[in-house]
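For the single chain, residues carry numbers from 1 onward in sequence order. Just so you know, these numbers come straight off a predicted model, no measurement behind them.
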Amino acid sequence: MRATLIKRVAVIITLFVSCALLGNKVYQYNNEPTRVYQGVWEGLGHLNIGGHPLKSEATLIIEPGLARLSIVNSFNEHNYTYDAELLLRRYEHELTHLEVTNRTVNGLDTFIANSNILVPNQGTLLHGNIWRLEEGKLILKMKLTNQQNAIYILEKTAG
């Protein structure tokens, strides 16, 4: 009789712990702040540097624990790329605040020489915010060092 009681208590404890662990996993999944943003997002924006309007194309890749941003700025036939990792700093109900880290700029010297547009070569993007407009559409607002904002409307790509 004592052995039967111990078995019943062990089964109840095991069931309770299993349910608690499963519930915790489901809770973590449902409350992952970047879950609604996961995927590949692409869109266009416009940027004005020194009175010159630049066409800007952005690609944002968001996976669990990793966010990458790639921007191609072009003027006429000249362009340069800006790549960075984004770090989630704060998540609110409708807004996610990101910090730019590990930035690399490719082709900037050639762009400046060919287009005669003086683009700052030191950390032009400081941080950004993302708003979810509707299913499959985001607004990405990046704060620049020259007190300007670069705004992109991004759409989720298939795949």
Side-chain angles (χ1 to χ4, degrees), residues 20-159:
L21 291 174
L22 181 62
N24 187 16
K25 287 290 186 188
V26 169
Y27 175 82
Q28 294 298 327
Y29 174 78
N30 286 334
N31 290 299
E32 168 63 38
T34 61
R35 185 174 63 88
V36 295
Y37 301 120
Q38 288 179 10
V40 178
W41 302 82
E42 294 179 338
L44 298 174
H46 293 280
L47 188 59
N48 193 339
I49 297 180
H52 301 283
L54 302 180
K55 179 183 170 190
S56 191
E57 300 175 26
T59 302
L60 178 64
I61 301 170
I62 301 177
E63 298 172 349
L66 173 69
R68 298 240 356 120
L69 176 65
S70 179
I71 297 175
V72 178
N73 291 325
S74 58
F75 180 75
N76 295 334
E77 69 275 359
H78 312 293
N79 63 40
Y80 70 96
T81 61
Y82 181 96
D83 297 306
E85 290 182 8
L86 301 175
L87 183 63
L88 177 69
R89 281 294 180 199
R90 186 176 68 247
Y91 174 76
E92 297 170 11
H93 180 65
E94 296 176 355
L95 169 73
T96 301
H97 181 78
L98 305 164
E99 182 179 306
V100 176
T101 61
N102 297 332
R103 330 165 200 220
T104 58
V105 179
N106 297 312
L108 184 59
D109 294 333
T110 306
F111 176 81
I112 292 171
N114 292 334
S115 67
N116 294 322
I117 298 174
L118 297 175
V119 178
N121 60 2
Q122 295 289 333
T124 55
L125 293 180
L126 294 176
H127 57 85
N129 294 307
I130 294 178
W131 289 270
R132 185 173 175 206
L133 289 178
E134 55 192 47
E135 189 67 33
K137 204 172 253 193
L138 299 176
I139 287 183
L140 172 64
K141 178 182 174 186
M142 300 302 295
K143 180 74 172 173
L144 309 176
T145 54
N146 57 2
Q147 301 304 316
Q148 286 187 332
N149 293 314
I151 298 174
Y152 300 90
I153 297 177
L154 304 175
E155 292 187 10
K156 194 167 193 174
T157 60

Return the minimal non-hydrogen interatomic distance between K137 and W41, and the atom names on each side. N-CZ3, 3.6 Å
Apply side chain to side chain contact (heavy atoms under 4.5 Å, CB included) to residues L86 and L60 and explain how you reach the verdict. CA-CA 9 Å; L86 301 175; L60 178 64; 3.5 Å; yes
S74 and N79 have their tightest heavy-atom pair at CB-CB, 3.6 Å
Nearest 0.5 angstrom please: L154 CG to I151 CD1, how far? 11.5 Å
Could you go step by step and tell me if L54 and F111 meet the side chain to side chain contact (heavy atoms under 4.5 Å, CB included) rule? CA-CA 12 Å; L54 302 180; F111 176 81; 3.9 Å; yes
Checking K156 side chain against Q38 main chain: does a donor-acceptor pair fall under 3.5 Å? yes
Under 3.5 Å: donor-acceptor pair, side chain of T101, backbone of E85: yes
How close do P53 and F75 get, counting heavy atoms only, and between which atoms? O-CD1, 3.4 Å
Here the gap from E155 atom CD to L138 atom CG, rounded to the nearest 0.5 Å, amounts to 10.0 Å
Considering non-hydrogen atoms only, spot the tightest contact between S56 and Y152 and give its length. OG-OH, 2.6 Å
Considering non-hydrogen atoms only, spot the tightest contact between I153 and I139 and give its length. CG1-CG1, 4.5 Å
Any heavy-atom pair between the side chains of L69 and L140 that's under 4.5 Å? yes
Could you state the interatomic distance from NE2 (H52) to CG (N73), rounded to the nearest 0.5 Å? 14.0 Å
